[in-house]
Amino acid sequence: MTETFRHSGEYPQQQSSAPVPPGGTQGAYPPPPYYAPEAPQGPPPPQGHAPARRRRAKGPVALLAAVAIAAAAVGGGTAYAVQSLTDRGGGSSATSTDVVPTSRKGTVTGVAEAVSPSIVEVSAATAEGKSTGSGVITKSDGEIVTNNHVIAGATSIKVRTNDGKTYDAEVVGTDSKKDLALIQLKGASGLKPATLGNSDNVKVGDEVVAIGSPEGLTGTVTSGIVSALDRDVTVPTGEGQEQPQNPQDGWPFEFDGRQFNGDTGASKTTYKALQTDASLNPGNSGGALIDMNGNIIGINSAMYSPSSSQGGSESASSGSIGLGFAIPIDTVKDDLGKLRSGSKT
């Protein structure tokens with residue numbers, strides 16, 4: 001898992017080119033139509049009458065209409081983007097659109113500027129101390145998706161937004177089997193919801209950006225690629241699990257039947273995850289894994305970090321070594337209705 005755990009009192013602070021017409025780019029596209037000479041218009045009008053007004057040929061107009069329709073089809077993605085951004089269903093997240101401005105598309109800078117306002121830091125106080133993770137805004141009134149293990153067993157939750165404001169929050173719903181939770185900020189409005197993408201379209205080698213609050217460092221941005229798909233990740237279900245009291249003890253985590261960094265306890269869950277080499281560290285849990293158009297494609301949830309060197313005699317850093325894992329966003333979207341209903345499992 002990638003949340004930060006501390007005892008009480010130890011908490012510190014890619015644009016695609018324009019479509020090329022078939023046959024290449026030589027000449028105008030589409031080519032101008034050929035028109036046959038107009039048929040004679042009949043005998044001249046009788047004397048004393050004004051000449052009849054000739055009708056304009058309908059060919060060019062019809063062509064123009066056809067071109068307009070074709071342009072609408074080609075530009076359908078743009079039209080959909082506008083609709084997605086303006087019709088948010090009462091402030092909810094848009095789905096699969098271009099969040100990053102065209103001039104910045106495909107850049108980490110563009111993604112960071114566009115999405116950072118939708119990522120928050122989540123601090124949960126428990127009976128054992130405090131844990132710090134991250135979250136993703138899904139509604140403008142302060143609905144937040146995070147990992148269940150970030151808030152499990154919390155007696156109080158505080159959330160800090162990208163602009164530095166702090167809010168109290170309460171748990172709306174949890175799903176420990178998918179390591180997901182939904183929390184709601186108190187008294188929040190006008191926040192920027194993230195755009196939820198489509199993880200079924202993700203491919204190995206796709207560039208991604210991760211944003212979260214590792215070690216309480218709010219708004220930290222890292223980048224990398226998707227390294228693998230459908231990794232089996234097993235983590236504790238959260239509440240009631242013993243969490244490491246010393247970061248050097250490592251973070252409970254296993255996949256493919258192999259266990260790392262201690263016992264995950266009797267109550268654990270396994271889900272399919274996206275693997276990334278974007279740097280994830282304790283505190284990134286619940287944060288966003290983002291494609292280069294600014295769509296959220298996953299919720300960062302776990303990392304592999306060796307607890308000791310190969311010889312076993314020296315402690316190794318508990319930081320990222322390029323093995324991070326995220327819950328696919330399609331899994332999250334499928335679960336949102338249940339979480340919003342108040343289900344806590």
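Please read all numbers here as calculations on a predicted model, not as lab measurements.
For the residue pair S301 and A326, the shortest heavy atom distance occurs at OG-CA, 4.0 Å. Nearest heavy-atom pair across G142 and A188 is CA-CB, 4.3 Å.
Hydrophobic clustering, with ILVMFWY side chains joined whenever heavy atoms are under 4.5 angstrom apart, keeps L289 apart from I225. In the hydrophobic cluster analysis, where Ile, Leu, Val, Met, Phe, Trp and Tyr join through side-chain heavy atoms closer than 4.5 angstrom, I297 is grouped apart from Y271. Note on I327: it clusters hydrophobically with L339, by side-chain heavy-atom contacts below 4.5 Å among ILVMFWY residues. In this structure, I211 is a member of the same hydrophobic cluster as L196, with clusters built from ILVMFWY side-chain heavy atoms closer than 4.5 Å.
Pairs of residues two or more places apart, or lying in two chains, that qualify as salt bridge (charged side-chain N to carboxylate O under 4.0 Å, His left out) and include a residue from residues 269-286 are D232-K272.
The structure places OG of S103 at 10.0 Å from NZ of K105, a figure rounded to the nearest 0.5 Å. For the atom pair CG of D175 and CG of L180, the computed distance is 6.0 Å after rounding to the nearest 0.5 Å.
Remark: the backbone N or O of V150 is not paired with any side-chain donor or acceptor of S285 at under 3.5 angstrom.
For the 3.5 Å distance criterion, the side chains of S279 and T222 fail to qualify, holding no donor opposite an acceptor. Between the side chains of R160 and T218, at least one donor N or O lies within less than 3.5 Å of an accepting N or O.
Taking 4.0 Å as the cut-off between side-chain N and carboxylate O, K203 and D206 do not count as a salt-bridged pair.
Residue-environment remark: NZ (K186) exceeds the threshold of 12 foreign heavy atoms within 6.0 Å.
When each of V172, L182, I137, T138 is paired with I144, the side chain to side chain contact (heavy atoms under 4.5 Å, CB included) condition holds for I137 and for no other.
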